Amino acid sequence: MSKRKGRRKGFTPRSEDFSAWYNEVVQQAELADYSPVRGSMVIRPWGYGIWENMQRALDDMFKATGHQNAYFPLLIPMSFIEREKEHVAGFKPELAVVTHAGGKKLEEPYVVRPTSETIIYAMYAKWVQSYRDLPILLNQWCNVMRWELRTRLFLRTAEFLWQEGHTAHASADEAEAEARTILAVYRTFMEDWIAMPPVTGLKSESERFAGAVRSYACEALMQDGKALQAGTSHMLGQNFARQFGLTFQSEEGREEYAWNTSWGVSTRLVGGMVMTHGDDGGVVVPPRLAPTQVMVVPIARNDDQQAMLVEKAAAIVAELEQRGVRAAMDDRMHLSPGARFFDWERKGLPVRVEIGPRDVDREEVVVVPRVAAEGGPRKEALPEGQAVAEMADRLEELQTRLCETARARREADTHRGEVSSIDELGELLDSGVGFVYSGWSGDPSVEARVKDATRATIRVIPGEEFRSATPPTRCVGGGRAQMEVVWARAY
RNA sequence: CGGGGCGUGGCGCAGCCCGGUAGCGCGCCUGCUUUGGGAGCAGGAGGUCGCCGGUUCGAAUCCGGCCGCCCCGACCA
């Protein structure tokens, strides 16, 4: 059997080639496919359904924290992007520019938004007169384009979907609080919905968003030991306000620049989900994100039974739906049961319910979670009523278990303690450690040296709840540490 | 942007060195038999061999050019 042929019914094991595994799994689980345009992808219904569930959950959280949705245009005048010096330097290399429209060359080119700070703060400037008009707390769900040279499905594509929040405040303190509130929202969302517990904190200077004063981030650790920046929240200070004339009259009657924040998460989260939970059998979708949580698979021996079993399965689906479980039936009876089982396993569907003649006789069903509990049964025959009644709890149990497993793996792949040289840091990373905590003097040249020597960067200066009980005293580059940082190789 | 690889039915590939009527597996369609972990048999549909040019009686195959995509390294949600 050739290697290729051997792969037809299975994936390259993660241990052999994680990146090949990822590419195969994403395509074969029908999450996404390559489009005819280089670097851009088609998100297929199963993948888009996951994104929709992420959107819904996040959107609710944004609304609960006082935000509203709005929509700003795709095209931004080139001059807007160029207004903030650091911002343009950061984004210029990856801009897609529209130079012609309506059969004529445009007087001023438009850029396809790589992010919308400039257009949004230009609009805010129009809308804000006094402190009474603040804060403005808006979010938009949209696509953006960054002309990437090196692309990967979900993780880095030329066009991607995201949400970008943009706020304006009357004081620095309020803006700072907003940036931190959103960071907490992201963290909670990642833990509770994606079951992907990140480490959160502040970005170092070199990793700061172009145009921000401070960037906060959620960094998640993937199964291959690489970090994924999963969400960012920026305190923009008055940088954009100055460039776009976003001023307001304060309570004391003075004209002041507003304070801004911006924050976003993208379809990259779908890639993070895959790399956090996936196994050699395919994708694993946490129940809360699964477009369909339970698939009922009827198994028949002949045509008479087939009608009866399909009817029975449909009844179970209806009962599950009544209890708020997203259930469906796979009645593709031209496929063998095994083929249907594998199909949903590959896609990561959380729980399968099998029902055949034997089960009907016993008034039972067979319940099969995508990931079995440690030491638990892979398949379990349960009285039908019990299976239906317990399903929601079982899904929640799986949800929780996935998060615990991911957290335990993150901790197992984390090294804490004194790291006294760059060589030692490199050895730790080479030995399979993902996150390495160490002391840092705060000197950017140390960061540059580490990157040169080990390809690792400071992912985050961890927030209080992530810091080591005993803070490191020495900087990896030598000398005294001013703070603790988390190093990793990153996506 | 540098390095490598690949373009042949929907997908994965062989054929190319050595030019001579385009093939295999999977998938798809029809029928029958099947169905508790990737069903079997029989019949069938489907391809201007990435594009342009050249050599030749004849090009998937040789030569030149172009395009596209994927993978690996420097920048990035």
Side-chain angles (χ1 to χ4, degrees), chain A residues 1-10 17 19-20 22-24 27-28 33-40 89-95 114-115 143-164 186 203 206-210 215 217-220 227-234 262-272 281-282 297-303 305-306 309-310 331-346 352-361 364-366 368 378-379 381 451-452 455 457 490-491:
Chain A
M1 194 187 266
S2 76
K3 197 174 178 185
R4 302 268 183 203
K5 196 176 175 190
R7 279 181 189 176
R8 189 173 51 79
K9 285 185 178 172
D17 185 343
S19 133
Y22 178 83
N23 290 331
E24 291 170 19
Q27 282 181 88
Q28 291 191 40
D33 202 353
Y34 293 101
S35 86
V37 176
R38 178 199 159 82
S40 62
F91 282 106
K92 197 92 188 226
E94 46 192 29
L95 294 180
T115 179
N143 57 342
V144 288
M145 180 162 277
R146 299 179 186 178
W147 209 255
E148 299 288 351
L149 299 168
R150 183 113 162 67
T151 63
R152 294 196 72 192
L153 293 175
F154 288 114
L155 301 177
R156 187 179 299 105
T157 48
E159 180 187 0
F160 56 92
L161 304 183
W162 77 344
Q163 59 65 214
E164 48 179 326
Y186 284 162
K203 281 292 189 184
S206 68
E207 297 270 324
R208 206 188 57 215
F209 174 74
S215 288
C218 295
E219 292 284 327
L228 183 76
Q229 179 170 301
T232 48
S233 180
H234 314 289
S262 71
W263 27 275
V265 297
S266 72
T267 37
R268 172 178 256 200
L269 290 173
V270 177
V297 181
I299 300 159
R301 288 238 167 73
N302 55 50
D303 286 353
Q305 279 182 352
Q306 191 166 311
L309 281 158
V310 166
D331 60 352
R332 295 176 297 175
M333 303 307 280
H334 61 282
L335 293 180
S336 73
R340 284 176 281 166
F341 299 166
F342 278 108
D343 190 32
W344 292 109
E345 274 169 28
R346 188 165 49 225
R352 176 175 77 238
V353 170
E354 304 173 10
I355 179 155
R358 201 166 67 205
D359 307 306
V360 173
D361 290 345
E364 284 181 347
V365 294
V366 173
V368 190
R378 199 170 71 87
K379 294 192 177 195
K451 189 171 182 181
D452 263 7
R455 287 175 17 245
T457 49
Y491 273 95

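Within every chain, numbering begins at 1; the chains are lettered A, B, ... in the order of the sequence lines, protein sequences first and strands thereafter. Every value quoted in this text rests on a predicted model; they were computed, and no experiment measured them.
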### Task
Could you tell me whether the side chain of R346(A) and the main chain of G282(A) form a donor-acceptor pair under 3.5 Å?
no
### Message
Can you tell me how the ring of F209(A) sits relative to the ring of H234(A), calling it parallel under 30°, perpendicular over 60° and tilted otherwise?
### Response
parallel
### Query
Taking Y22(A) for the side chain and D17(A) for the main chain, is one N or O donor matched with an acceptor at less than 3.5 Å?
no
### Task
May I ask you to decide whether D343(A) forms a salt bridge with R340(A), counting only side-chain N to carboxylate O separations under 4.0 Å?
no
### Message
If the condition is side-chain hydrogen bond (donor to acceptor under 3.5 Å, both in side chains), which residues does Y34(A) pass it with, not counting sequence neighbours?
### Response
none
### Query
How close do P114(A) and F91(A) get, heavy atom to heavy atom, and via which atoms?
CB-CD2, 3.8 Å
### Query
Where do P337(A) and I299(A) come nearest, in terms of heavy atoms and distance?
CG-CG2, 3.7 Å
### Query
Which heavy-atom pair separates Q306(A) from A300(A) by the least distance, and what is that distance?
CA-CB, 3.7 Å
### Message
If I take atom CD in residue Q28(A) and atom P in nucleotide G10(B), what distance separates them, rounded to the nearest angstrom?
### Response
18 Å
### Task
Determine the Euclidean distance between corresponding P atoms of C52(B) and G68(B); express it in Å to zero decimal places.
16 Å
### Message
For the C1' atoms, the ones on G40(B) and on G47(B), what distance do you get once it is rounded to whole angstrom?
### Response
28 Å
### Task
Rounded to whole angstrom, note down the P distance from A60(B) over to G23(B).
14 Å
### Task
Pick base, sugar-phosphate or nothing for Q305(A), based on heavy-atom distances below 4.0 Å to the nucleic acid.
nothing
### Message
Can you confirm whether the side chains of S35(A) and S40(A) place a donor and an acceptor under 3.5 Å from each other?
### Response
yes
### Separation of L153(A) CG from T267(A) OG1 (nearest 0.5 Å)
10.5 Å
### Message
Please encode protein proximity along nucleotides 71-77 of chain B as a string of B, S and -, counting only heavy-atom distances under 4.0 Å.
### Response
SBBBSBB
Short heteroatom pairs, N/O only, protein and nucleotides 34-36 of chain B, under 3.5 Å:
from: U35(B); atom 1: OP2; to: R301(A); atom 2: O; distance (Å): 2.9
from: U35(B); atom 1: O2'; to: A300(A); atom 2: O; distance (Å): 2.8
from: U35(B); atom 1: N1; to: A300(A); atom 2: O; distance (Å): 3.2
from: U35(B); atom 1: O4; to: Q306(A); atom 2: OE1; distance (Å): 2.9
from: G36(B); atom 1: N7; to: R301(A); atom 2: NH2; distance (Å): 3.3
from: G36(B); atom 1: O6; to: G356(A); atom 2: O; distance (Å): 3.3
from: G36(B); atom 1: O6; to: P357(A); atom 2: N; distance (Å): 3.2
from: G36(B); atom 1: O6; to: R358(A); atom 2: N; distance (Å): 2.7
from: G36(B); atom 1: O6; to: D359(A); atom 2: N; distance (Å): 3.2
from: G36(B); atom 1: O6; to: D359(A); atom 2: OD2; distance (Å): 3.3
from: G36(B); atom 1: N1; to: D359(A); atom 2: OD1; distance (Å): 3.4
from: G36(B); atom 1: N1; to: D359(A); atom 2: OD2; distance (Å): 2.3
from: G36(B); atom 1: N2; to: E354(A); atom 2: OE1; distance (Å): 3.3
from: G36(B); atom 1: N2; to: D359(A); atom 2: OD2; distance (Å): 3.0

### Task
Could you measure between the two C1' atoms, the one in G53(B) and the one in C11(B), and give it in whole Å?
31 Å
Give each protein N/O atom lying under 3.5 Å from an N/O atom of nucleotides 66-68 of chain B, with the pair distance.
none

### Task
In whole angstrom, give me the gap between the C1' atoms of C76(B) and G10(B).
35 Å
### Query
Can you tell me how far P in G9(B) sits from the matching atom in G15(B), rounded to whole Å?
16 Å
### Query
Counting a pair only when it is Watson-Crick or G-U and both distances are under 3.5 Å, which runs of at least 3 such pairs involve RNA chain B?
B:1-7 with B:67-73, B:10-13 with B:23-26, B:28-33 with B:39-44, B:50-54 with B:62-66
### Query
Can you tell me how far P in U61(B) sits from the matching atom in G54(B), rounded to whole Å?
14 Å
### Query
Under 6.0 Å from the six-membered ring centre of F341(A) and within 45° of its axis: does the NZ or CZ of R352(A) meet both?
yes
### Task
For nucleotides C49(B) and G12(B), find the distance between their C1' atoms and express it as a whole number of Å.
16 Å
### Message
Before you tell me yes or no, could you show the steps for F160(A) and V144(A) under side-chain contact (heavy atoms from CB on, under 4.5 Å), namely the whole-Å CA-CA distance, both residues' side-chain angles and the distance that decides it to 0.1 Å?
### Response
CA-CA 6 Å; F160(A) 56 92; V144(A) 288; 3.4 Å; yes
#### Entry: 5' priority, RNA chain B, between E345(A) and G39(A) [closest heavy atom]
E345(A)
### Pairing of K203(A) and E219(A) as salt bridge, 4.0 angstrom limit
yes
### Query
Counting only heavy atoms not in R332(A), do more than 12 fall under 6.0 Å of its CZ?
yes
### Message
Which heavy atom of G356(A) sits nearest to which heavy atom of D359(A), and what is that distance?
### Response
N-OD2, 2.8 Å
### Task
Would you mind classifying the nucleic acid contact of R352(A) as base, sugar-phosphate or nothing, using non-hydrogen atoms under 4.0 angstrom?
base
Listed pairs, N/O of protein and of nucleotides 44-46 of chain B, under 3.5 Å:
none

### Task
Give the minimum heavy-atom separation between F154(A) and G271(A), together with the two atoms involved.
CB-N, 3.8 Å
### Query
Do you know which two heavy atoms are closest between G272(A) and L155(A), and how far apart they sit?
N-CD2, 4.4 Å
